[in-house]
Number of protein chains: 2
Amino acid sequence: MGTVGKAIFLLDLFTAREPELGLSELSRRSGFDKATTRRLLVSLSQNGFVEQDVESRRYRLGAGISRLARIREAHFPFLQISTPAARELSLQTGETVHLSEFSAGALATVHVEQSTRANRVNVDIGQILPLHGTASGIAFLAFSRPELVKSYVDHPLPAFTSHTITGRAEVMAAVRAAAARGYSQSSQGYEEGVFSVAAPILGPDGYAIGTLSVASPLSRIDDGLAARHGEAVMDACRQISLSLNGEPVGTRLNLAS
Amino acid sequence: MGTVGKAIFLLDLFTAREPELGLSELSRRSGFDKATTRRLLVSLSQNGFVEQDVESRRYRLGAGISRLARIREAHFPFLQISTPAARELSLQTGETVHLSEFSAGALATVHVEQSTRANRVNVDIGQILPLHGTASGIAFLAFSRPELVKSYVDHPLPAFTSHTITGRAEVMAAVRAAAARGYSQSSQGYEEGVFSVAAPILGPDGYAIGTLSVASPLSRIDDGLAARHGEAVMDACRQISLSLNGEPVGTRLNLAS
DNA sequence: CGTGCCGGTTCATTATTTGAACTCTTGGTT
DNA sequence: AACCAAGAGTTCAAATAATGAACCGGCACG
């Protein structure tokens, strides 16, 4: 791993649940020496990518990141376009909806609309979702370049629950089913007791760039409701894709083997 | 400059006006060798910090940045809290309002509410503002740690227009005036024909963490209107600071020499 | 008042980064 | 259709930056 990769690895240790970390914690979790960790943090903080709390001496993500994110968002308004559709979908289904964008080989959760129900699924912003084992991942693969699907599925796939599909053939079957239907389903593939449906958000080339997903407690779901959620998430994604790309887009299905 | 600094320098070349750049352009503007530039870009893209357009081969900021920014925003909802106040202030004044956050020794513009008038000031998201020469900068300095003010003002200050105040004494006078009034004024200090007022957004320790500013065409401004804008921007900032910190905060004025 | 953990620092050793020179491709010009 | 210019991307010996064991001083706990 190069120096740049290490610096970004440190940034990736900050999560919604643990947004502030001390030097020793960062060193321990990254596996980098304390001196190395510190030097990287100093470089990052000089450029505004991390900030250090003056009194607790702990580090957190810095304003420089927000600034760049806003530049990106001004150019490519993924959140601005998708957020209202996600909110509407959440209200319509009464369930937690999360929006993901593809980045560095996985899906990153960039927005969440929490269900208002007492019994609901909680998803953290910034969470990284694997492409197998989540409804979002399968929906993404179903509308990705075949090379990407192949290279992903050729590596060993870890299990997250006892229900995670890890076999190449099983994943490909789920992908083909999702491509045919237009949305994917996943029951407890990533977390016990959670059922999700997801559909792809397409880029100008017709391939997926992200996903929208509805996540429900499994106990609430039956086949009819799952299908209704599937149709709803597909509609929302179609609308988002249209707004993002300005014009209709020919979808790229993965129906072949 | 360390490797990490160079990587971030590359990221900082992407702006709202030029959100996509080719390898040679990046190499030229950064002054790094083309091979070096490329290696940095590859590292960055492997981690989702930049993306490469498949057909044009140009680079742009990546989704990994959005992801981290969302984690930060979930922890510290600067934009979420400030944006509505900025919008209201823009509607109230009829002028362009911009929100800045302090980062790496300068103010970074993270949100803009454009005036709806035909003759208006345009500000780009992501723009870096110097601490002298903008109303925002002076407002920030007026509510900053004295050490920060001193170290800033001890370095040579560039002029952006013929009206930019660059002398240590002049800057300190403007800072003291802003501290006494609660807001700052700047006439054409950064761009010709632009008049601005600004007030600080305060952190939990009572020192400024950002600013809110109203920017008008100079032709529209007289003393009375400037004062009304000043009071309005101060009110908005007070409200934001309160919401951000949860409780009243003792302000830290820079009234001493 | 000793022990452990924290943040932070030092400097000889080591590994990564660097950049001149190269190829390959594209698009425009004569 | 041959030429030129400019772009993206690659190679490898030389130069430079990153590394980490051992260190300091402070603070909290028993």
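Residue numbering restarts at 1 for every chain, and letters A, B, ... go by the order of the sequence lines. Owing to the predicted nature of the structure, the values given are computational and were not obtained by experimental measurement.
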message: Under the criterion salt bridge (charged side-chain N to carboxylate O under 4.0 Å, His left out), I'd like the reasoning laid out for Arg72(A) against Glu51(B): C-alpha separation, chi angles, the key distance, then a yes or no.
response: CA-CA 11 Å; Arg72(A) 178 176 140 90; Glu51(B) 297 164 350; 3.4 Å; yes

- prompt: Which word best sums up how the rings of Tyr152(B) and His132(B) line up, parallel for under 30°, tilted for 30 to 60°, or perpendicular for over 60°?
  reply: tilted

- request: Please state whether the rings of Tyr190(B) and Phe160(B) are parallel, tilted or perpendicular, taking 30° and 60° as the class boundaries.
  value: perpendicular

- prompt: Is the distance between the ring centroids of Phe102(B) and Phe140(B) less than 6.0 Å?
  reply: yes

task: Say whether, by atom type as modelled, one donor and one acceptor occur between the side chain of Asp53(B) and the main chain of Ser56(B) under 3.5 angstrom.
output: yes

task: For Asp33(B) and dT11(D), give me the distance from atom CG to atom C1', rounded to whole Å.
output: 12 Å

message: Near DNA chain D, counting only heavy atoms under 4.0 Å, which residues of residues 38-65 of chain A show up?
response: Arg39(A)

- request: For a side-chain contact (heavy atoms from CB on, under 4.5 Å) with Ser30(A), tell me which candidate from Thr37(A), Asp12(A), Leu21(A) qualifies.
  value: Thr37(A)

- prompt: Does Leu157(B) reach the side chain of Thr164(B), with side-chain heavy atoms less than 4.5 Å apart?
  reply: no

query: Should Leu244(B) and Phe76(B) count as side-chain neighbours, where that means a heavy-atom distance under 4.5 Å?
result: yes

field: Side chain of Lys34(A) (C-beta onward), nearest among dG9(D), dG8(C), dG20(D)
entry: dG8(C)

- request: Please indicate whether Glu55(B) has more than 12 foreign heavy atoms, meaning atoms of other residues, nucleotides or ligands, lying under 6.0 Å from its CD.
  value: no

field: Between the first and last five pairs of the helix from dC1(C)-dG30(D) to dT30(C)-dA1(D), the angle of the axes, rounded to 10 degrees
entry: 40°

field: Lys/Arg-Asp/Glu bridge criterion (N-O < 4.0 Å) met for Arg29(B), Glu18(B)
entry: yes

message: Quick check on contacts: within residues 1-30 of chain B, what sits under 4.0 Å from DNA chain C by heavy-atom distance?
response: Thr3(B), Lys6(B)

